Participant: 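Sharing a structure, written as structure tokens. Questions coming.
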Amino acid sequence: PADQPEPDPKKKTLVILGTGWGSVSLLKKLDTENYNVVVISPRNYFLFTPLLPSCTTGTIEHRSIMEPIRNFLRHKKAAVKYYEAEATKVDYEKKVVYIKDESEIKGDVSATEVPFDMLVVGVGAENATFGIPGVRENGLFLKEVEDAQRIRKRIMDCCETAIFKDQSPEEVKRLLHMVVVGGGPTGVEFAGELQDFFNDDLKKWIPEIKDNFHVTLVEALPNVLPMFSKQLIEYTEKTFKEETITIRNKTMVKKVTEKYIEAESTGPDGQKQIERIPYGLLVWATGNALRPVVRDLMSQIPEQANSRRGLAVNEYLVVKGAENIWAVGDCAVANYAPTAQVAAQEGAFLARLFNNMAKTEQIEDELKALSLAQEKAPNKDTRDQVFAEIKELQKRLRRVKQMGPFEYSHQGSLAYIGSEKAVADISWLTGNIATGGTLTYFFWRSAYLSMCFSTRNRILVIVDWIKAKVFGRDVSRE
Ligand code: FAD
Ligand code: NAD
């Protein structure tokens, strides 16, 4: 790779925000020779989120699903600049991104600005709390590596504290009550992993907790996993029942305190009731919310006034009402679910689009030069020759410009539900296949392994799986 120190003034500056599914998939396929590429993200690695729930119990170690961003960048043809920083504001009119180094170590300069000609916003989303009081103070989220580490530590802390000498029976029960709020795939996968941890390891290593350890999943809607087909929802609920995970459907959490949640449900008499559910561990997984930098950008663009869930984009992923700004992944609203699958396809589409745009410009420049050459041609033969070249180039230009809009191709939905079972709704040639069970679990494992970005990650994940099976998961509290 080239290590050119300064941007090339002849090229446009393309700034990419984020190092998640959308941005990294764009970077992978982007021909970086065409632009001065700058990547800005507070996370200097890519995180393979589908296996993050497994890190909360130590089935997989977190470093096995992280890939340094430098590893992607060093394989690019032309150098890419990376700044470990958060974009705090995008000034749409001035075409500038303000960035801030929020890491522990700061130099003399920790806030500055980066100008752009083209901008891709791929900053993902925040955790939704719907303003419910006490969630941020007392609950744990499951989005980043640090979250998984916090959960892993809290599980062990609850177990060890529960068996502290002279603990009252009610307190033991509370500490060992593991409550998950949100029955989307994040909540379901985490609940399944946690019950596995208890069944496979915790109850052997700490038998005293055996009678009181309990996992409850709370969901406001009538069922969990609303995006899966009916039979897979039923299969999941049945599997959870067998595994003694309690599902509390139609139960809406309204308030969280240090030791209990307050939830509203309909009682046997048909009346609404509020109950207090004591917990030791609370994992909050109720979906996505806008990041402040995205909300602020939206407020600068009148066309975004009616968009609630993120930056509204057109079929080429251009942010509506803005020129030269594109958005991908969870921060973009393009009528698809906020998933890794969508983000990755959007990123790859933008790479093709940008590669094409650069090619178009290059051909147009060549065409201009040829027209001049044709005018100045000394004789008919040369003129004819140049004319033929122009015709050929015009044909190429038409081909390059023929790029259609973004079309999402849904490969299916997959989720692990614990006890070595998974559910899958897969799009197949003949239609949809809905399957659940142990075979699906092996499919789940191989699908995610093949989706891992590097051989290094693949090997690390396999080794972790073997380690957990042979020696059990590590129950030390770090
Ligand atoms: P992200 O991958 O979240 O990346 C956002 C990036 O932006 C990060 O690098 C972040 O550090 C950076 N960033 C944040 N703020 C700023 C800022 N101010 N300035 C600059 N950079 C910033 N989807 C599936 O399809 N299949 C699955 O199995 C699956 N499993 C999941 C499991 C879990 C536990 C979770 C939480 C999600 C899962 N998803 C899954 C959803 C999937 O992870 C997201 O849809 C996907 O990560 C979205 O990609 P993204 O690029 O938009 O955002
Ligand atoms: P989600 O939005 O899919 O589900 C959140 C759930 O929380 C909803 O069912 C909602 O009804 C419930 N909820 C909201 N407020 C509540 C309250 N106060 N009390 C009780 N329940 C409440 O969120 P997620 O599971 O974090 O997923 C986010 C995105 O990531 C989704 O698009 C999902 O498809 C994707 N994802 C996919 C996978 C996978 O494919 N295996 C895994 C994880 C996440």
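Model, not experiment: these values are computed from the prediction. Just so you know, ligand 1 is whichever comes first in the structure, and atom 1 is the first atom listed for that ligand.
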Participant: Is there at least one pair of N or O atoms, one from Gln341 and one from ligand 1, spaced under 3.5 Å apart?
Facilitator: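 By distance alone, the answer is yes.
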Participant: With the threshold set at 4.0 Å, does a side-chain nitrogen-carboxylate oxygen contact exist between Glu113 and Lys94?
Facilitator: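 Salt bridge absent between Glu113 and Lys94.
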Participant: Heavy-atom contacts with Ile40 under 4.0 Å: which atoms of ligand 1 show up? List them by number with element.
Facilitator: 20 (C), 21 (N)
Participant: Between Leu350 and Val328, is there a side-chain heavy-atom distance shorter than 4.5 Å?
Facilitator: yes
Participant: Between ligand 2 and Ser413, can you find any atom pair, the residue atom being a heavy atom, that is separated by under 4.0 Å?
Facilitator: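 Distance cut 4.0 Å: Ser413 fails for ligand 2.
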Participant: Name the closest protein heavy atom to atom 42 (C) of ligand 2, giving the residue it belongs to and the distance to 0.1 Å.
Facilitator: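 I find the closest protein heavy atom is Pro185 CB, 3.3 Å.
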Participant: Does any N/O atom on Thr49 come nearer than 3.5 Å to any N/O atom on ligand 1?
Facilitator: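 Yes, there is a polar N/O contact under 3.5 Å.
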Participant: For atom 2 (O) of ligand 2, what is the closest protein heavy atom, and at what distance to 0.1 Å?
Facilitator: Gly287 CA, 3.6 Å
Participant: Compute the shortest N/O to N/O distance between Tyr448 and ligand 1 and return yes if it is under 3.5 Å, no if not.
Facilitator: yes
Participant: For ligand 1, which atoms sit closer than 4.0 Å to a heavy atom of Gly122?
Facilitator: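 Selected atoms, number and element: 5 (C), 6 (C), 7 (O).
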Participant: By the definition side chain to side chain donor-acceptor pair (under 3.5 Å), identify the one residue from Lys143, Gln149, Arg150 that meets it with Asp147.
Facilitator: Arg150
Participant: Do Arg248 and Thr216 have side-chain atoms, one donor and one acceptor, less than 3.5 Å apart?
Facilitator: no
Participant: If you measure every N/O of Pro338 against every N/O of ligand 1, is any gap under 3.5 Å?
Facilitator: yes
Participant: For Gly329 and ligand 1, does the shortest N/O to N/O distance drop below 3.5 Å?
Facilitator: no
Participant: Within the structure, does Ala340 bring an N/O atom to less than 3.5 angstrom of an N/O atom in ligand 1?
Facilitator: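 Indeed, backbone or side chain, Ala340 has an N or O that close.
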Participant: Give a yes or no on whether a salt bridge exists between Lys254 and Glu275, defined as a side-chain N under 4.0 angstrom from a carboxylate O.
Facilitator: no
Participant: Between His214 and His177, what is the ring plane arrangement, given parallel below 30°, perpendicular above 60°, and tilted in between?
Facilitator: tilted
Participant: Among all protein heavy atoms in this structure, tell me which lies nearest to atom 11 (O) of ligand 2, with the distance rounded to 0.1 Å.
Facilitator: Glu219 OE2, 2.6 Å
Participant: Walk me through it: do Asp425 and Ser413 pass the test side-chain hydrogen bond (donor to acceptor under 3.5 Å, both in side chains)?
Facilitator: CA-CA 5 Å; Asp425 266 322; Ser413 306; 5.6 Å; no
Participant: Could you identify the single nearest non-hydrogen protein atom to atom 44 (C) of ligand 2 and state the distance to 0.1 Å?
Facilitator: Thr186 OG1, 3.4 Å
Participant: Counting both backbone and side chain atoms, is some N or O of Ala85 under 3.5 Å from an N or O of ligand 1?
Facilitator: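 Between Ala85 and ligand 1, no N or O pair is found under 3.5 Å apart.
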Participant: Would you mind telling me which of Trp326, Phe406, Phe354, Tyr408 makes a ring-ring contact (aromatic ring centres under 6.0 Å, His included) with Phe349?
Facilitator: Phe406
Participant: Between Val181 and ligand 2, which residue portion shows a heavy-atom distance shorter than 4.0 Å: side chain, backbone, both, or neither?
Facilitator: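 Contact part for Val181 vs ligand 2: side chain (C-beta onward).
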Participant: Please compare Val123, Ile16, Asn127, Ile99 and report which has the shortest non-hydrogen distance to atom 16 (C) of ligand 1.
Facilitator: Val123
Participant: Output yes when Glu61 and Arg152 qualify as a salt bridge under the 4.0 Å nitrogen-oxygen rule, no when they do not.
Facilitator: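 Counted as a salt bridge, because a side-chain N and a carboxylate O are separated by less than 4.0 Å.
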Participant: Could you check atom 22 (C) of ligand 1 against the protein and tell me its nearest heavy-atom contact, residue, atom and distance included?
Facilitator: Pro42 CD, 3.4 Å
Participant: Would you confirm whether Lys106, through its side chain, and Ser103, through its main-chain N or O, come within 3.5 Å as a donor-acceptor pair?
Facilitator: yes
Participant: According to the interplanar angle, ranging from 0 to 90°, do the rings of Phe48 and Trp21 count as parallel (below 30°), tilted (30 to 60°) or perpendicular (above 60°)?
Facilitator: tilted
Participant: Please confirm whether Thr19 comes within less than 3.5 Å of ligand 1 when only nitrogen or oxygen atoms on both sides are compared.
Facilitator: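 In this structure, Thr19 places an N or O atom under 3.5 Å from an N or O of ligand 1.
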Participant: For Lys143 and ligand 1, does the shortest N/O to N/O distance drop below 3.5 Å?
Facilitator: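 No, no N or O pair falls under 3.5 Å.
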Participant: List every atom of ligand 1 that sits less than 4.0 Å from any heavy atom of Thr339, numbering the atoms from 1 in the order shown and giving each element.
Facilitator: 23 (N), 24 (C), 25 (O), 44 (C), 45 (O)
Participant: Once you restrict to heavy atoms under 4.0 Å, what part of Thr49 touches ligand 2? Side chain, backbone, both or neither.
Facilitator: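 No part of Thr49 is near ligand 2 at this cut-off.
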Participant: Would one find an N or O of Trp21, backbone or side chain, under 3.5 Å from an N or O of ligand 1?
Facilitator: yes
Participant: Looking at atom 14 (C) of ligand 2, what's its closest protein heavy atom, distance included?
Facilitator: Thr286 CB, 3.5 Å
Participant: Within the 3.5 Å criterion, strictly below it, is a donor on Glu234 or Asn223 matched to an acceptor on the partner's side chain?
Facilitator: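 Checked: Glu234/Asn223 side chains show no N/O donor-acceptor pair below 3.5 Å.
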